[in-house]
Structure formats: C-alpha cells, structure tokens
Amino acid sequence: MLTCVGIFVALALILDFYAGRTEVRQAKRISGLLQTEMVSNLDSRLYAVEQVVKRTGLELKNCDAKFIEVHGNGIMRSILEGDSIIEGCAVVLDSTHDAGRWIGYMRHIDDSTTYAASPDLTPWHNLIARVRSHGMDRWSKPYIDKIESKGLKVTFTSSLIDSRGDTIGFITAAIALSTLDEEASRLIPYGHTSTFILADDGTMLDFWPENTPLRADIKQIKESPDFGKYPVASKEITAGGEQYICSYTSIKGLNLKVCTVTPISSIRHVTTRIKFPILLIITLGFLILVCVLRAIMSRHLKPLASLTKAANKIGEGDFEVELPDMTGYTDLRQLCDAMAHMTKSLRQYIIRTTEAARLRERMASELDIARSIQQSMLPQPAGEIAGADGRPAITIGAMQESALEVGGDLYDYLELDGSLYFIIADVSGKGIPAAMMMTYIKSLFHFAAQQKLQPGEIVSTLNENMCENNINNMFATLLAGRIDIADSRMVIANAGHTPAVVAAGGMARLLNLPPGLPVGIMPEVTYTQKECVFEPGTTLFMYTDGLSEAEDSAGRQFGIDRVVASVNAAGDDPSTIVSTLSEEINKFSVSHQADDITMLCIKAPIQNSVSLSLGYDVREILRMNVLIESFAKSHHWTDDALNNVTLIAEEVVSNVINHSVDVPAESEIRFELCQTADEVRLIVIDPGHRFNPLENRPEVDITLSLEERRVGGLGIFLVCSLADACEYEYKDGHNHLIIRIKMSGGDISQDATPKC
Amino acid sequence: MKTEITKGDNEITIKISGRLDTVTAAEFDKERAALGQIDKDLLVDCTDMEYISSAGLRSLIILLKETKGAGHTLRMCSLKPSVRQVFDMTGFSTLFNID
C-alpha cells in the first residue's frame, strides 16, 4: 500500500515537472508571438511615418530653398497631418552655399500645433550633427528631446534636393518612444510581466532609472545562443533568487529590441495553486478505490476461504465437516459439489481399506500362528544324539527358512533304539498347501520310523500314501536315512532329491545315491537304498534346492559346486556349517528369498576309543584292520603311523591266536584302541593261560647269519622295536597287554628305540 | 595279497602285491610250494607290496633258505620305505640281497 502511494506520488511529481517545462515553453512561444505581432504593427506604423517623410521629400524635389522657406509652415503641417503619431517635424535648409540657412519646426502639443521658424541654426547643431552622423532615410537612435517635451524620441530624416540636384537640407519627423512603449505595454501575457525597450546590444537604454528592477540582470539575455542571430529569442534568467523568462524581438528600423520579462512563478502560479488539491483528491480517490476493491474482493473470497478451511479439515481426516453454502457462486458451487462427492468417496474407500486391513491382519496373525506351529513341529535346529557306551554324541545342525510365512520344506530326525532316523524333504510349491503336505509327510515319516522300516521302505510308504487321492498332483523330493550309532553304518534312500554332501578328513564330495522318483508322482515305485559306513568324523550335509538354486541379482544360481566348496570350507561343526551356508546365501541373493531353504547336517563323532571282540581265528585280524584304518582316518594319522600301529596290533593279536592253547570255544580276544593327546594305546585282553610275552620271548639276534637265524620270535621283537612302552598284567583271569606309541598330530615320534 | 610268478630264461620273478601278513602268509606259502624245485635265481619284486609283518618275513626267509639250498640266489627289489623299515629293524636287510 505504502509502495503504491510512493509510486503514485513519484509519478505525480514527474508529471508536474514535465507540465512545468511545457508551460514554460508555451509561455516563451506566446511571448514570441505577441512580440512578433507587436513589432509587425510597429514596423507598419514606422513605415507609414517614413512614407510621409519620403513623399514630402519627393514633392519638394527641384524646389529651391526660398520656396521651401516660404512654404515651410505648410510643408510641416502636411507632414504632421500625414500621420497622427508624428509628434513633431522640422525642415532644415542646411546648404553649404548660403542659399538659405533656415529651420522651421512644428509640433503637436496638447492637441494644438505650434510653429516656429528661425534662420539661426545654432540651437539645432545637435540635431543637424546627429542627422549627419546617422545619414539620410533612416531612423535616429533614441534621444531625449531637451527642447520641448523632454521625452524620449526617435526621428526619421529624408534629404531635400534642389533643381540642380544638390542636397540643400533635410526634413525630419519625430515620434515619441512613449508611443512604442504604449504598444509594448499591451504585450503582457501574464500578470507580472514587465516590458522594456532595450538597445540593440541587449542593455537597458540609458533613460531607464538606475533602480529599475532587473536593470543589471537583463544583460544575461546576451548568453542566449540565439542572441544576435535571430530577431526573436528567449532566455531564462535568474535575478534575486527568482527565475524569469526573458523574450525579445528586434525592431529592425530602430535598432532596438522589445523585451518582456515574466517571472516563472507567475506563469505557473495557477498550476501551483491547484496542484496540491488535485494531488490530494487523486490520492484520496485512489485510497478509497483500494479500500472498496478490498472490500469487494474479501466479500467474494469469503466463501473460498471457508471452502479452504473445510478442505483442510478433510485433509486432516474429518469427513463429517460441513461444506459452506455456495448459493449464488456458480463456479464455487461446482467445486463444492465435487468436494462433497470426493469426501463421500474417501469415506467409503477408508471403510473398505480398514476392513481389508483388518482381514489382512487376521490372516497375518493366523499365518503367524501357523508358522510357529510349523516351526514347533521341527526338532531342535542344533541337537545331539548320545553315542552308545558313553561315546561322544552324533551332532546335528539344521535350519529351515520359508520364503513365505509357512513353507513346504521339512527336516526331521529322531532316535529310536540306537538308530538315528532322519529325513529332509521339499514339497512342490510354497505357502499353505505345501505346508499342509509337509505336516502330512512328517507324520508318515514318524509312523514309518517307529515301525523300524528300512529307509527304502520308509520312502515307499510315503510314496504310496501321497499317491492316494493326490488330486492336486503334489509331490515331494526327499532323502530319508538311518544311522546305526553303535557300528557307524548308514542306510539312505533318495526320492529325486538334490545330492547330499559328505565331508571327511577335510575333503567334501557329493554322496552318490541310486536315483529315485519324487514321492507322490507314481505308486508302486521301488526305492533302492544305499548302505555305507558312516565313519567317525564324517559329516553328512543335506539341503533343499532353495539353497543350490538361489539366484543373485544377475540371475546366476548358487549351484551345487558352490555348496560342496562352502561345506568344505566351513569346518566340521554341523551348526557352524549350517550358519555359514546361511550367511553365504544371504550375501549371494541380496534380494527376496525366492524359495524355502532347508539344511540338515549330521556329523559322526571322532571317537577317541574303539574296541572290538575277536575270535580265535587269524581272519579276525581283517576286521581289526578295518577298525584301525577307520580310527586312523578320523584322527588323521600319517601312513607311517597307521603302518606301525597295524603291525604292532597284528603281531600281538596273531601271537595270542597262534600260541593260546586250551581256550574254550567261543572265547574272545578284546582289542581296544585309545587315542590321547600324545599317545596311542593298544590294549589286548585274552582269556588264555597266564602268559607274559614280554618275558617269555625268544632272543632275536639280528646280526646272525641266515643259517644261524631261527624263523620265529620276530613278532614280539617288532612290537618292542616299534612301541614306546609295553606293560603286561594278569588280572581277573585275563592276560592284559598294554602297548603305548607316542604320537602327536597324527604322526609317530621319530625316536623308535625299543622300550620293552 | 596277490602273487605273480613269471619264469624267465635265467630267473624267476615273483611279484608280491598287497599285504603279506598273518592272514596271507599261508597263501603265499602255498604259491611258493607250487613253484616246486627252484632251478633258477629268484627276483622278488616288492613294487606293490604294501605291508609286511613277521609272518611275511617268516615266509620270505623260508623261500631264501630254499633258494640258497638249491644253489641259486634271491634278490629283492623296489621295497617301499615302510616295508624296508621292517627289514632294517629285524636285520633282514643284511640277510637278503636287496637292490
């Protein structure tokens, strides 16, 4: 608002400035025009006077001086009457030859005419001299008539020529400058305009009193660039702190200038007087207009404001807000109707969304419960199955991660009478249908295991049951097996499942199994099971294809090779293997998990002590050797260590078998093998007669020649050579032979001197 | 244990593969008996002999004695270190001519 007023005032001031300039220019033009007209009038008056004088001169041509002297009165009267402004005239016979020196003059004084004549020219010397200096047929400079009127006058002079052609005198006609002054005084375009007659050089004529206003300042007119070039010019001058417009026009014949001086304040005084009231009126009008406009706009915008308020409330969720009445506002009413419609639609949409959210929440909650039920069906992800006779337990690691809330993957294991039954299965599809089938398979597996069925039979049972009424054509791939904990044997059957990985002694490989159809596809399929030794220290790693077929962002699969490599690198603790694989797969497939992932890892413990009962038959040594080899492998013995231990065991046991006499039938030799941190201990217990082989051994002299050597006694000699310590004891009716071999890190110590 | 007997012009090569121990020594003894009278020098190739125990040593020393008794020589070749160790410990290295 203030800015508006400021701009408005500034515009008004600029306009005022230009209006002032225009007025000044206008004033100059008016003065010029008036002066031109006045000068034109003056010129015609002066011309008339000139004509009267010249005509008289012509009429008197060829007249001699005498004639002129005689008729002087009449001549002068004729001149005076020739033009009313001629104030006085004179005839002067001023010949150098004395034909007639004479002067006559005549003038109007107060409507009467005076005449005088005299042959004495003395009083007229000034006049005669002035005329002579000016020349004929021209106007004199202004002068003061000292003789008669004392007023300022100018005179026109014309020569008198006689019949001989000689100039014998002249005639003059004088007019009062007051006459010009009167004419000039009419040139008052403005109230305070002063008029001056100036000399041709722009100065005031001498007769103006010294105290005439502007007398000194009028000289500034000469600074005008037009001065001297043009007969008409104007100039702004400053005098006494006030500005004037000074205009002049030259009167050619008289070499004078008529000048008008007008104060600019008098030119602009009307404008100045009305300027402020007009400005005030316009400003007030403007303010009133602004107020009225605001009032009108606010009246028209009021419904829009209330509509905005209502829209904001709707935005905050208040759909019950009352929309303003828009009667009379066509456009706004349409907007209001549209908003009402929108509010209604929003309200319905929110009701629908809330209902859907509630439904989703219920579904989610049910799925959550289903998930926890499914999870609770699975056995512990990290488990131990106690070994027989207090031996270390079989350790188990497992994981099941569903892609959706529930999944169709299953792992399960249970121990029944010294056997560990296990299964890993992957039901086709995902979500609830797969999860239901998974629970079915789990129940069937438990049932079949409790029947002590062989793994092949278990898979067949699952197949037959799933094929029955399988209207949804669901199927499952699986591996099911049994490990006999006491003698480390495993039986396993495959139904189209991803190959399992076996790791032992730092080497992982795929377990080669006979192929088999997934269960649920075709009834009456026979599943071939594989039987193998599940050696101590061996790890069996099983998984579903969610692991091997997991994809990275570029669509590449994790792959079975990578599974084998990862198992190999993950160590030999089942839980560690499972968690390592889980981390790797999470890193590999950073995006959404596409399929259920399940892993089951079973590890046979490394046994620090094994034992075997042997019959009295050398062939039993073969069984003993298998046990020693398996033990050596699980404890990572070197070939030399295995060779030495085998040799010692064979020599001791074959000694017992070959040299025992009178042992009852069915008697058994007990063979035990123990590994401690720094030694391996062999214990052989037999129920034969008391016999200490360490004492009763034959002497062996290895330096003897072939002929002198006995064939025999070498066995116990070898035992004593290879062992670090041998002890014999007879207790409870049994011979106990204990042999110690120093061994660390799976290798025998190099110091092999006989100790017994 | 497996025994391969190759009769050459000047010598008979007996190649023993696998384990020569308490269980297999009797079998070796049978093979030795089947050889009959030794009429040539013998070469016992131990390239593939994995293991030997005192029972095996006994069979070999009987063979050595028989061969010498028949006026021929017995050489042994290509003993694995573990087998050689047993020969060394028992002083058999000095009895046998080992390449």
Side-chain angles (χ1 to χ4, degrees), chain A residues 614 616-626 628-629 637-659 693 697-723 748 750 752-754, chain B residues 1-2 18-30 32-33 38 42 44 46 48-76 79-98:
Chain A
L614 306 165
Y616 277 80
D617 184 335
V618 288
R619 284 191 297 270
E620 290 284 88
I621 289 172
L622 292 175
R623 278 180 59 220
M624 182 187 72
N625 284 350
V626 169
I628 297 171
E629 254 181 69
W637 288 359
T638 61
D639 287 345
D640 280 349
L642 173 64
N643 195 68
N644 287 5
V645 172
T646 310
L647 189 54
I648 292 168
E650 182 193 324
E651 298 299 351
V652 170
V653 171
S654 66
N655 209 37
V656 172
I657 293 170
N658 291 332
H659 299 292
R697 58 186 169 175
E699 284 296 321
V700 175
D701 186 347
I702 60 168
T703 62
L704 290 178
S705 68
L706 175 66
E707 291 71 25
E708 296 160 329
R709 287 289 287 266
R710 281 182 58 238
V711 180
L714 279 173
I716 204 69
F717 174 76
L718 277 172
V719 170
C720 290
S721 300
L722 295 169
I748 43 169
Q750 294 303 309
T753 48
Chain B
M1 201 279 300
K2 215 172 91 187
R19 302 168 70 92
L20 189 57
D21 59 11
T22 313
V23 183
T24 57
E27 200 182 321
F28 179 77
D29 288 345
K30 276 186 204 162
R32 176 177 52 82
I38 296 164
L42 287 186
V44 180
C46 300
D48 295 327
M49 190 198 278
E50 303 289 338
Y51 173 89
I52 191 162
S53 71
S54 63
L57 290 176
R58 184 174 169 275
S59 296
L60 284 178
I61 206 157
I62 291 168
L63 179 65
L64 177 64
K65 281 184 173 174
E66 280 178 2
T67 312
K68 287 207 165 177
H72 292 283
T73 58
L74 186 148
R75 282 189 301 127
M76 299 198 73
L79 272 69
K80 283 186 190 294
S82 57
V83 175
R84 175 80 195 212
Q85 182 202 12
V86 178
F87 271 76
D88 288 345
M89 273 195 293
T90 52
F92 274 40
S93 311
T94 58
L95 299 182
F96 285 84
N97 183 8
I98 299 171

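It should be emphasised that the depicted structure is a prediction, and the values quoted were computed from it without experimental measurement.
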Nearest-0.5 Å distance, [atom1] of residue [X] to [atom2] of residue [Y]:
{"X": "B/D21", "Y": "A/L622", "atom1": "CG", "atom2": "CG", "answer": "7.5 Å"}
{"X": "B/L95", "Y": "A/S705", "atom1": "CG", "atom2": "OG", "answer": "8.0 Å"}
{"X": "B/S82", "Y": "A/L642", "atom1": "OG", "atom2": "CG", "answer": "10.0 Å"}

Counting only non-hydrogen atoms closer than 4.5 Å, does [X] touch chain B with its backbone (N, CA, C, O), its side chain (CB onward), both, or neither?
{"X": "A/L704", "answer": "backbone"}
{"X": "A/N658", "answer": "side chain"}
{"X": "A/N655", "answer": "neither"}

### Task
List for me each residue that meets side chain to side chain donor-acceptor pair (under 3.5 Å) alongside B/T73, sequence neighbours excluded, and say none if there are none.
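Scan of B/T73 (side chain to side chain donor-acceptor pair (under 3.5 Å), adjacent residues dropped) gives B/D41.
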
### Task
Step by step, work out the side-chain contact (heavy atoms from CB on, under 4.5 Å) result for B/E50 and A/N643.
CA-CA 9 Å; B/E50 303 289 338; A/N643 195 68; over 6 Å; no

### Message
So for atom CG, which belongs to A/D639, do other residues, nucleotides or ligands contribute more than 12 heavy atoms lying within a distance under 6.0 Å?
### Response
no

### Message
Among A/L647, A/N644, A/L722, exactly one meets side chain to side chain contact (heavy atoms under 4.5 Å, CB included) together with B/V86. Which residue is that?
### Response
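With B/V86 as partner, A/L647, A/N644, A/L722 yield a single side chain to side chain contact (heavy atoms under 4.5 Å, CB included), made by A/L647.
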
### Message
I need the full list of salt bridge (charged side-chain N to carboxylate O under 4.0 Å, His left out) pairs touching residues 642-658 of chain A, with sequence neighbours left out, sorted by first then second residue.
### Response
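Sorted pair list comes back empty.
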
Does the side chain of [X] reach to within under 4.5 Å of the side chain of [Y], using non-hydrogen atoms?
{"X": "A/L714", "Y": "B/R58", "answer": "no"}
{"X": "A/T703", "Y": "B/T94", "answer": "no"}
{"X": "A/D640", "Y": "B/Q85", "answer": "no"}

